[in-house]
Amino acid sequence: MTGSHDPLARVYRSLSDMDPIDLVTRLTLLLLLLSTDVVGDAWQLKGALRVLALLGLLAPPLNRNRGLWLLVTVFLGARTYYDLWTQPDHAFLLTYWALALFLSLGLKDAGKALATSAKLLLGFCFLFATLWKLLLSPEFMDGTSLCYALMTDVRLQDVGVLLGGMKDTFYEHNLQELARLGDPKVAVEAVTLQGSKELLALAKTASMCVVAVEAALAVTLLWPGRWGPARLRDALLLLFGITLGLIPLGVGFGFVLMILGAAQCEPDRKRTRFLYVATCALIVVLTYAEVPSCLRTLLC
Amino acid sequence: MESKLNNLAARYGAPLLLVIGALCHIYVADVRELLTPSRGGGFGGLSTVDQLEGRHLRASVSGPGFQSPAVIPPEHSLARTIDWARLVPRWHYLRSIAAGIAHGQKVPIREVQLTVWKQQFDAETLEVRRVKVRELKVTTP
């Protein structure tokens, strides 16, 4: 009877059988410990959030305590106020999620309330993301903004070299030129960057794919019930999460999406919930493994 | 006993707040064209070239017979205002910074000028150009 002694099987059973509320609250607390961009730089708020996270993880069932989540919401809300114009969007999403946890825990049917909240938070997040990319910001669909990111964002340098024909010397030049443009002592109105011919075509294709996936996610998540387009939501969300892990933009955003994904899962879908947890782990590993950088070393 | 209101608040409270926040963001970023779409809770993310790193605040002071770039004081309280002014150049942020600059000058000055710039990118020519977002001129007493 190897099944009961197999550690992987035990891990799978332990995670898939875990109460969904325990699972998502613990994952949320773990994120507060792992990610710097969701807790901010102010030591008072960062310290308070991390202490709360430690307490919640080490002293169950404190992870389900409304008082703890009220405090987390207050500190995340304070961070949002303090960094209103500078914090990344997934920090906003996490703040709303903490509020949802506070409002739901303590209700008789907390799981259902959390599932509805998570589904709507994700759905509206992708709806607004699609709205910006498709309608409000004309420079996305023609590839301009992704092209610019691939030419100037050092986090995307390996992707730009591997897939876009960029060279490392182009990035050095581009960053120097942008620094010149921003230097108050230099009276420069415009600079010219260096890039490859194939980069714009790559950026246009990638832009269309991103909008298609985000629009599909918005539709499937906001679709009422679990049938029709809603059947695709978990597969799409997991694929989106894995892709975020491959492009090293940080652990925070992908992790938040996976937590909300696990929360909106129907209670009987244990395997799907496990996949969300596994994707959280994969995002962490892929982010620190820097897959594009490894591929560059192998192929270039 | 749980009220219906508690249940509704638990299910829809946080998503409603997200929608309100994102609509406010659209107003400030798209209608008023002040805030960069990439920050502020509107989920505009990578949709734009106008990112935090591409926003700059330039200051200059002028007095009897001179005009020169101004050094923005590195005091902690102004550093946050400067970051905020770069991203959403509201008049009272700019006036605070102008007052801080005027206060820090060793020679008498007549005027402080602040300009917030963002970047525009042409993907065909690969040119990045500075574009003015907002300008403030303050005459010192």
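Predicted, not measured: the structure shown is a model, and the values here were computed from it. Convention: sequence-line order gives letters A, B, ...; per-chain numbering from 1.
- Of all heavy-atom pairs spanning A:E198 and A:G164, the tightest one is CG-O, 3.5 Å.
- Taking A:S137, A:C147, A:A115 one by one and counting their heavy-atom pairs under 4.5 Å with chain B, the maximum is reached by A:S137.
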List the steps and the verdict of ring-ring contact (aromatic ring centres under 6.0 Å, His included) for A:F240 and A:F126.
CA-CA 11 Å; A:F240 195 80; A:F126 283 112; 5.2 Å; yes

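- Listed here is the closest heavy atom pair of A:D37 and A:H90: OD2-NE2, 3.0 Å.
- Ion pairing between a basic and an acidic side chain is recognised when a charged N comes within 4.0 Å of a carboxylate O; B:K137 and B:E111 show no such pairing.
- Interface residue A:F92: only side-chain heavy atoms are found under 4.5 Å from chain B.
- Residue A:M166 comes nearest to A:L199 through the heavy atom pair SD-CD2, 3.8 Å, listed as atom of the first residue, atom of the second, then distance.
- Between the side chains of B:T36 and B:Q51, no donor-acceptor pair is found at a separation under 3.5 Å.
- When each of A:V211, A:L84, A:V210, A:L193 is scored by its heavy-atom pairs under 4.5 Å with chain B, the top score falls to A:L193.
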Passes salt bridge (charged side-chain N to carboxylate O under 4.0 Å, His left out), B:R55 versus B:D50? Steps please.
CA-CA 7 Å; B:R55 286 241 173 164; B:D50 185 13; 2.7 Å; yes

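- Contacts of B:T125 with chain A are made by backbone atoms alone, with heavy-atom separations under 4.5 Å and no side-chain atom involved.
- The residue among B:E127, B:R58, B:H56 with the most heavy atom pairs within less than 4.5 Å of chain A is B:R58.
- Using bins of under 30°, 30° to 60° and over 60° for the plane-to-plane angle, the ring pair A:W85/B:W84 lands in the perpendicular bin.
- The candidate from B:L57, B:L35, B:L8 with the greatest count of non-hydrogen atom pairs under 4.5 Å with chain A is B:L35.
- Checked for salt-bridge contact, B:R80 and B:D83 miss the test: no charged N lies under 4.0 Å from a carboxylate O.
- Take B:H25 and apply the ring pair (Phe, Tyr, Trp, His ring centres under 6.0 Å) test, not counting sequence neighbours, and it matches A:W132.
- Considering only heavy-atom pairs separated by less than 4.5 Å from chain B, the leading option among A:L99, A:D142, A:L136 is A:L136.
- Interface remark: A:E177 contributes no atoms to any contact with chain B (heavy atom separation under 4.5 Å).
- Taking chain B as the reference chain and counting heavy-atom pairs below 4.5 Å, the highest number among A:A91, A:P88, A:A100, A:C125 is found for A:C125.
- With salt bridges taken as basic N to acidic carboxylate O contacts below 4.0 Å, one links A:E214 and A:K133.
- Contacts between B:Q119 and chain A at a heavy-atom distance below 4.5 Å involve the side chain alone, from C-beta outward.
- Chain A is approached within less than 4.5 Å, heavy atom to heavy atom, by B:L87, B:V88, B:Y93 from residues 87-96 of chain B, ordered by number.
- Across all their heavy atoms, B:V138 and B:A98 have their closest contact at CG2-CB, 3.9 Å.
- Both the backbone and the side chain of A:E189 have a heavy atom closer than 4.5 Å to some heavy atom of chain B.
- If you measure heavy-atom distances from A:M151 to chain B, the contacts under 4.5 Å come from the side chain alone.
- Contact count versus chain A (heavy atoms, under 4.5 Å) is highest, among B:G42, B:G54, B:A70, for B:G42.
- For a residue to count as touching a neighbouring chain, one of its non-hydrogen atoms must lie under 4.5 Å from one of that chain's; by this rule A:L131 touches chain B with the side chain only.
- Side-chain N/O atoms of A:Y148 and A:E139 include no donor and acceptor closer than 3.5 Å.
- Residue contact with chain B, scored on non-hydrogen atoms closer than 4.5 Å, involves the backbone and the side chain of A:L181 alike.
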